[in-house]
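Read the structure below first, then the notes.
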Amino acid sequence: MKSSFNTQLANWLLDPDGASSPIEDAEVLKKKLLKEDLMKVYEEVELPLVQVLKDVEAVGVSIDTKALQTLSRGLERQLTVLVKKIYKEAGEEFNINSPKQLLDIFSRKLKLHLRSTNVDKIAQFKDKHPLVGLVLQYRELAKVRSTYVEPLLTLTDKGSRIHTTFIQTGTATGRLSSRNPNLQNLPKESQWADDVRRAFIASPGYTLVSFDYSQVQLRILATVARDSRLIEAFQNGEDIHKLTASRIFNVSLEKVTPQMRRVAKTLNFGIVYGMGPRALSRESGLSFIEAQNFIDSYFLEFSKVKQWQEDLTQEVSSKGYVTNLAGRKRYFTEPINFRAAINTPIQGLEADILKRAMIQIHDVFSRRKEWQTKVRLLLPVHDELLFEIQNDTIQEAVPLLTTLMESAYTLAVPVKVDVKMGKNWATLTPYKKKA
DNA sequence: CGCATACGCGCC
DNA sequence: AAACGGCGCGTTTGCG
């Protein structure tokens, strides 16, 4: 089979931010890929992934359009009621969707002089005036309807399946993105999440099975920072957030309260993003000083992580780029965003792990003709793969898929996958191996 | 009038 | 005063 050189992939790998002008000539691009040590990730990951994604797009996800239509009508009705209430409370009609007009209303009617109307800023004033709560309710409903329910109904095909488009060359870190519709940002925790996700169903005779990499970014951090404490904790299957809590609060593991663990969890995830005290205090409710102290304690305890961050900022300053363990590369220009630089090798390797898993799985299952239609990849979501599997094949396929995902890439710590299954995407329950 | 931008918000 | 990384999208608003 003739496989022509993919210039789009090559251009993107050479400069995933798309800052420099694309080079057209394939021979020049090949030389550049070699020179920049990007040929491996091109040949082993991006090129084979093209066909995998095509297949995934073609399969699509089955949608319960009846459920969506019911949801749509319900939202419509409730929104009508809400709008009336809001106009009444405000004493006039205005465009609730306009932050500008909303600020004006808040200022004139509530004597609340704000510079932003986002939920974090205004939620605290819910008790002060009923209008605030009503507006937030309206926002939630309007968001669900206009961003999810209506577009999903529009984009579902005659066979009740929806086909997203994956953008393989759209992100700076190596992740995929999804559009028309974006199936990677469906509500999960909000009040309406289940109503939306219930509409994503398994084909008749199939079951949805999701495979989630467990704390993969922290496992990558442990690996790249070579932090022995983190590595040990993952090797021993310890509760990583509890461990962090114990260290930063300077108490024994048994004395860690749920509260302390929560802060530690925020911090653990934040570290990956280069989080500062301000962000931590905002996220956790701690004071700025407390947040600063916890970050200091964290770096005192996990000094290798601190060291890794410092080394990396050095490197990006001198070389002008960062790479991840898979060889993927991202250039930074002045002024360098060091937080992005810190996050890039972690988020990027996560993407490479998932991509390698997808390719591996595609290879294995396309070789087994009898399994081709029985195990279908429906959707990658950054650290998760959603499949639909024919009911009589689940017991056989799940362990194999789990193993393939867990062995897609070798880290300094075990790579673990959590499996859940169900008839729709809202009600997945942990997979239990049959005895 | 269409297009680009800002805002706000959903996910990992 | 401020900076927590990566996305896509609906709506409003300003610009040309």
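All values below come from the heavy atoms of this structure, side chains included, with hydrogens, waters and symmetry mates left out. Naming: A, B, ... by sequence-line order, numbering from 1 per chain. Quantities reported herein were computed from a predicted structural model and do not represent experimental measurements.
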Worksheet item: Does A:S98 have a side-chain nitrogen or oxygen under 4.0 Å from the phosphate oxygens OP1 or OP2 of C:dT13?
Response: yes
Worksheet item: Between A:E46 and A:R328, is there a side-chain N and carboxylate O pair less than 4.0 Å apart?
Response: yes
Worksheet entry | Phosphate OP1/OP2 of C:dG8 contacted by A:S177 side-chain N/O (<4.0 Å) | yes
Discussion item. For A:K32, is there an ion pair with A:E36 - N to carboxylate O distance below 4.0 angstrom?
Written reply: no
Fill in: Phosphate contact (C:dG10 OP1 or OP2) by A:R145 side-chain N/O below 4.0 Å
no
Item to complete: Counting Watson-Crick and G-U wobble pairs only, both distances under 3.5 Å, name the nucleotide matched with C:dA1, or none.
Response: none
Worksheet item: Is the shortest side-chain N/O distance from A:S116 to OP1 or OP2 of B:dG8 below 4.0 Å?
Response: yes
Worksheet item: A:P151 or A:P16: which one's nearest nucleotide on DNA chain C is closer to the 5' end?
Response: A:P16
Practice prompt. Hunt down the Watson-Crick or G-U wobble partner of B:dG8, both distances under 3.5 Å, from any strand shown, or write none.
Written response: C:dC9
Practice prompt. Would you kindly give the CD-to-P distance between A:Q347 and C:dG6, to the nearest whole Å?
Written response: 7 Å
Worksheet entry | Closest to side chain of A:N118, choosing from C:dT13, B:dC9, C:dC4 | B:dC9
Fill in: Whole angstrom value for the distance that separates P of C:dA2 from CG of A:N337
18 Å
Item to complete: Mind calculating the distance between CG (A:D104) and P (B:dC7) to the nearest angstrom?
Response: 17 Å
Practice prompt. Could you measure between the two P atoms, the one in B:dG8 and the one in C:dA2, and give it in whole Å?
Written response: 15 Å
Worksheet item: Can you check the A:I167 CD1 to C:dC7 P distance for me, whole Å?
Response: 11 Å
Fill in: A:R282 side-chain proximity, nearest of B:dG8, C:dC4, B:dC11
C:dC4
Discussion item. What is the distance, to the nearest angstrom, from the CG atom on A:L379 to the C1' atom on B:dC12?
Written reply: 12 Å
Practice prompt. Look at the side-chain N and O atoms of A:N180 and state whether any lies under 4.0 Å from the OP1 or OP2 oxygen of C:dC9.
Written response: yes
Worksheet item: For residues A:T65 and A:T156, is any side-chain donor paired with an opposing acceptor at under 3.5 Å?
Response: no
Worksheet item: Which atoms form the tightest heavy-atom contact between A:L183 and A:I162, and what is the distance?
Response: CD1-CG2, 4.2 Å
Fill in: Nearest-Å distance for atom pair CD1/C1', residues A:I96 and B:dC7
16 Å
Worksheet entry | Donor-acceptor pair present, A:R179 side chain and C:dC7 base, under 3.5 Å | no
Worksheet item: Which of these nucleotides, C:dC9, B:dC11, C:dT11, is closest to any side-chain atom of A:P187?
Response: B:dC11
Worksheet item: Is any side-chain nitrogen or oxygen of A:T117 closer than 4.0 Å to OP1 or OP2 of B:dG8?
Response: yes
For residues 407-415 of chain A, which side-chain N or O atoms pair as donor and acceptor with protein atoms under 3.5 Å away, sequence neighbours left out?
| residue | atom | partner | partner atom | Å |
| --- | --- | --- | --- | --- |
| A:S407 | OG | A:T403 | O | 2.7 |
| A:Y409 | OH | A:L325 | O | 3.3 |

Worksheet item: Closer than 4.0 Å, any side-chain N/O of A:K100 to the OP1 or OP2 of C:dG14?
Response: yes
Item to complete: For DNA chain B, determine which residues of residues 312-322 of chain A have any heavy atom closer than 4.0 angstrom to one of its atoms, and list them numerically.
Response: none
Practice prompt. Decide whether A:N324 and A:D352 meet the rule of one side-chain donor and one side-chain acceptor closer than 3.5 Å.
Written response: yes
Item to complete: Specify whether A:H241 and A:F269 have parallel, tilted or perpendicular ring planes, treating 30° as the upper limit for parallel and 60° as the lower limit for perpendicular.
Response: tilted
Worksheet item: Considering only the P atoms, how many Å lie between C:dG8 and B:dC1, rounded to the nearest integer?
Response: 30 Å
Item to complete: State which of C:dC7, B:dC11, C:dG8 makes the closest approach to the side chain of A:E189.
Response: B:dC11
Fill in: Separation of B:dG10 C1' from A:Y148 OH (nearest whole Å)
3 Å
Discussion item. Heavy atoms from C-beta onward define the side chain here; which of C:dG8, B:dC11, C:dG6 lies closest to that of A:T173?
Written reply: C:dG6
Worksheet item: Any side-chain N or O of A:R139 less than 4.0 Å from the OP1 or OP2 oxygen of B:dC9?
Response: yes
Item to complete: Classify the nucleic acid contact of A:A142 as base, sugar-phosphate or nothing, counting any heavy atom under 4.0 Å across all strands shown.
Response: nothing
Practice prompt. Remember a base hit wins even if backbone is also touched, and classify A:K188 as base, sugar-phosphate or nothing at under 4.0 Å, heavy atoms.
Written response: sugar-phosphate
Item to complete: For A:N185 and B:dG10, give me the distance from atom CG to atom C1', rounded to whole Å.
Response: 5 Å
Discussion item. Tell me whether A:Q314 at atom CD has more than 12 heavy atoms from other residues, nucleotides or ligands lying less than 6.0 Å away.
Written reply: no
Worksheet item: Do NZ/NE/NH1/NH2 and the carboxylate oxygens of A:E89 and A:K109 come within less than 4.0 Å?
Response: no
Worksheet item: With respect to the side chain of A:D383, which nucleotide from B:dC12, B:dG10, C:dC7 is positioned closest?
Response: B:dC12
